[in-house]
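The figures here come from the full heavy-atom set of this structure, side chains too, leaving out hydrogens, waters and symmetry mates. Residue numbering restarts at 1 for every chain, and letters A, B, ... go by the order of the sequence lines. Treat the numbers as computed from the prediction; the structure is a model and nothing was measured.
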Amino acid sequence: MDSKKVRTRFAPSPTGYMHIGNLRTALYAYLIAKKNGGDFILRIEDTDQTRYVEGAVELIYRTLKRTGLLWDEGPDVGGPCGPYIQSQRMGMFREYAQKLIDSGHAYYCFCDKERLEEVRKIQEASRIPPMYDRHCRNLSPEEVKAKLDAGVPYVIRQKIPLEGTTTFHDELYGDITVENSTLDDQILIKADGMPTYNFANVVDDHTMGITHVVRGNEYLSSTPKYNLLYEAFGWEPPIYIHVEHIMKNSKEKLSKRNGDASFEDLIEKGFLTEAVLNYIALLGWSPKGENEIFSLDELIKEFDIDGLSKSPAIFDPVKLRAINAEYIRRLPPEKFLEYAEPYIRQSVKREDVNIRIIAETLQPRTEIFTEIPEQVDFIDALPEYSTELYRNKKMKTDEATSLIALKEVLPVMQALDDWSIDGIHAKLFELVEKLGVKNGYVLWPVRVALSGKERTPGGAIEIAAILGKEESLKRINKGIELLSK
RNA sequence: GGCCCGUUGGUCAAGAGGUCAAGACGCCGCCCUUUCACGGCGGAAUCAUGGGUUCGAUUCCCGUACGGGUCACCA
């Protein structure tokens, strides 16, 4: 056991939107840090200026803040290992590359793109795995100096051992060993003087004291080269945790190009932040117990890398809906009203209705907020409906019985002053008893007359309470009129 | 194609040599009920495949198939 404080990082490049897989990686990194009382660091990897997207950094901040993945160190909050924006750390990469050259672990390469292209073509034609042919690997110091002096553009490449194997350890996959001969002499410093991700990443992780590297498993195959770099520097490699991808289906990754939802899209579609976070935590990780609903704080307690999956997970929007629905049901009623009101108001413009009751009836029936408007579209105006709706086998109602029932109901309702759920309930059930019929015999036609719909949030009594006395009576009269034809 | 990784119901998945192979979502049925939901109860549905090892393999080993990743002066 080592007593070093756990430090994890999330290191996105500001190239656009924040997809679900990225967010999940951030979440896992955050959880591992917090579970161990450690720090979560945000680092922006912007060494490729050509891919930089305006506003992308802000989007990263916004998403992380919204989901509660607050970083202890980062570009805006600072910290002892700054700067936290990679492009602002340029000087140090040159120095570290120089150290590798001096110790024989890296070398200058003056090959131009044309030559590399040609080499690759030949290799592909002869079906050899495309790799740099190490043309400049053994240049003499004099040759190097001459080219440097002449101002020939160059890159700096890693000098991978020609023989032997390299093994690294991943917490999920265990030990992975590869032949060094399959490893490319990858570029460390580009011709523009910027480090490649492959180099910057290693240097940054080390200088920032990162103890656990959590990242997508597309990096699994380049990790041996990183380990070789750590070895060359004499640094201790971090603990690696490579997580599998989230897929759209068994073949396609979830991606912007496929038109799949980003985190922000999901929020716009009416999902709750907490529900989305909860769901993605479950995609590729399984908790110990039976519970699946966790707040961020609960996740910190519950999370364990043992539960991480080694195979890709398919994003299931249906399950997300179910979890979102669970969160909605658990919302305190006032909170639900607060969230739901704008959606209710999309189709309910009248001011004389009881919005509180609308919200109450809606809460157990809402899976995502965006489907609220169509559920309450009958409130402002009674839709055209067919009298066939009055026919219901189970309720033993048809047009004739409904007409009778509505005619009985009308005077009772007219006489009612206490227009509350309790008040209406009492009167209507009194009537049911007096008539000696089943509840549905009276209530089914009332609900139809009030809503003009086959299905509604809430029953006859709730709807009457929502609509108010005047409007309710108007609609019952309308029903009687339709049935009398 | 080389190298690396993976494969339990439709989906997320538990399992870590002997289980009637958990649970959740979805689906189906029943109950509750003034509709629809909510809630409750029950059901159908899974170990890719062929060889080993073993008294015994979903679990360990090898092959095959299928899937994923990677082979950039992108990250």
RNA chain B contacts among [range], heavy-atom distance under 4.0 Å:
| range | result |
| --- | --- |
| residues 184-196 of chain A | Ile187(A), Lys190(A), Ala191(A), Thr196(A) |
| residues 197-208 of chain A | Tyr197(A), Asn198(A) |
| residues 357-367 of chain A | Pro364(A), Arg365(A) |
| residues 315-324 of chain A | Asp316(A), Val318(A), Lys319(A), Ala322(A) |

His169(A): ring pair (Phe, Tyr, Trp, His ring centres under 6.0 Å) partners, not counting sequence neighbours: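 His169(A) satisfies ring pair (Phe, Tyr, Trp, His ring centres under 6.0 Å) with no other residue.
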Choosing from [options], which nucleotide comes nearest the side chain of [X]?
| X | options | result |
| --- | --- | --- |
| Glu292(A) | G23(B), G1(B), C4(B) | G23(B) |
| Lys394(A) | A75(B), U11(B), U33(B) | U33(B) |
| Trp444(A) | C4(B), U34(B), G2(B) | U34(B) |
| Leu443(A) | U34(B), C12(B), C74(B) | U34(B) |

Distances under 3.5 Å between nitrogen or oxygen atoms of protein and nucleotides 62-69 of chain B:
from   : atom 1 : to        : atom 2 : distance (Å)
G68(B) : OP1    : Lys251(A) : O      : 3.3

Who pairs with U34(B) - Watson-Crick or G-U, where each distance is under 3.5 Å: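 In the structure as shown, U34(B) has no Watson-Crick or wobble partner.
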Contact list for residues 119-128 of chain A, test salt bridge (Lys or Arg N to Asp or Glu O under 4.0 Å), sequence neighbours left out: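 The answer is Glu117(A)-Arg120(A).
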Which residues share a side-chain contact (heavy atoms from CB on, under 4.5 Å) with Ser181(A), sequence neighbours left out: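 Only Glu179(A) meet the side-chain contact (heavy atoms from CB on, under 4.5 Å) criterion with Ser181(A).
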Aromatic plane relationship, Tyr240(A) with Phe168(A) - under 30° parallel, 30 to 60° tilted, over 60° perpendicular: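 Geometry flag for Tyr240(A) against Phe168(A): perpendicular rings.
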Any Thr182(A) side-chain N or O less than 4.0 Å from OP1/OP2 of G2(B):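 For Thr182(A), the contact criterion (side-chain N or O under 4.0 Å from OP1 or OP2 of G2(B)) is not met.
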Touch class at under 4.0 angstrom, heavy-atom based, for Thr47(A) against every strand present: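 Sugar-phosphate only.
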Salt bridge flag under 4.0 Å for residues [X] and [Y]:
| X | Y | result |
| --- | --- | --- |
| Arg134(A) | Asp185(A) | yes |
| Asp204(A) | Arg9(A) | no |
| Glu454(A) | Arg447(A) | no |
| Asp184(A) | Lys225(A) | no |
| Asp112(A) | Arg115(A) | no |
| Glu302(A) | Lys288(A) | no |

With a cut-off of 3.5 Å and sequence neighbours excluded, list every side-chain donor-acceptor pair involving residues 307-316 of chain A.
from      : atom 1 : to        : atom 2 : distance (Å)
Ser309(A) : OG     : Ser311(A) : N      : 3.2
Ser309(A) : OG     : Ser311(A) : O      : 3.3
Asp316(A) : OD1    : Val318(A) : N      : 3.0

Sequence neighbours excluded, every pair satisfying side chain to side chain donor-acceptor pair (under 3.5 Å) that has a member inside residues 425-445 of chain A: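 Of all non-adjacent pairs touching residues 425-445 of chain A, none passes side chain to side chain donor-acceptor pair (under 3.5 Å).
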Within residues 356-367 of chain A or reaching into it, pairs that qualify as side chain to side chain donor-acceptor pair (under 3.5 Å) - sequence neighbours excluded: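 Pairs touching residues 356-367 of chain A that pass the test: Arg321(A)-Glu367(A).
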Base versus backbone protein contacts along nucleotides 39-49 of chain B [heavy-atom cut-off under 4.0 Å; B, S, -]: S----------
N/O donor-acceptor pair, side chain Lys438(A) with base U33(B), under 3.5 angstrom: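 Absent.
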No-hydrogen, no-angle side-chain donor-acceptor test under 3.5 Å, Asn392(A) and Thr397(A):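 Checked: Asn392(A)/Thr397(A) side chains show no N/O donor-acceptor pair below 3.5 Å.
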Asn201(A) and Tyr226(A): side chain donor to acceptor below 3.5 Å: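 Judged by distance alone, the side chains do not pair up.
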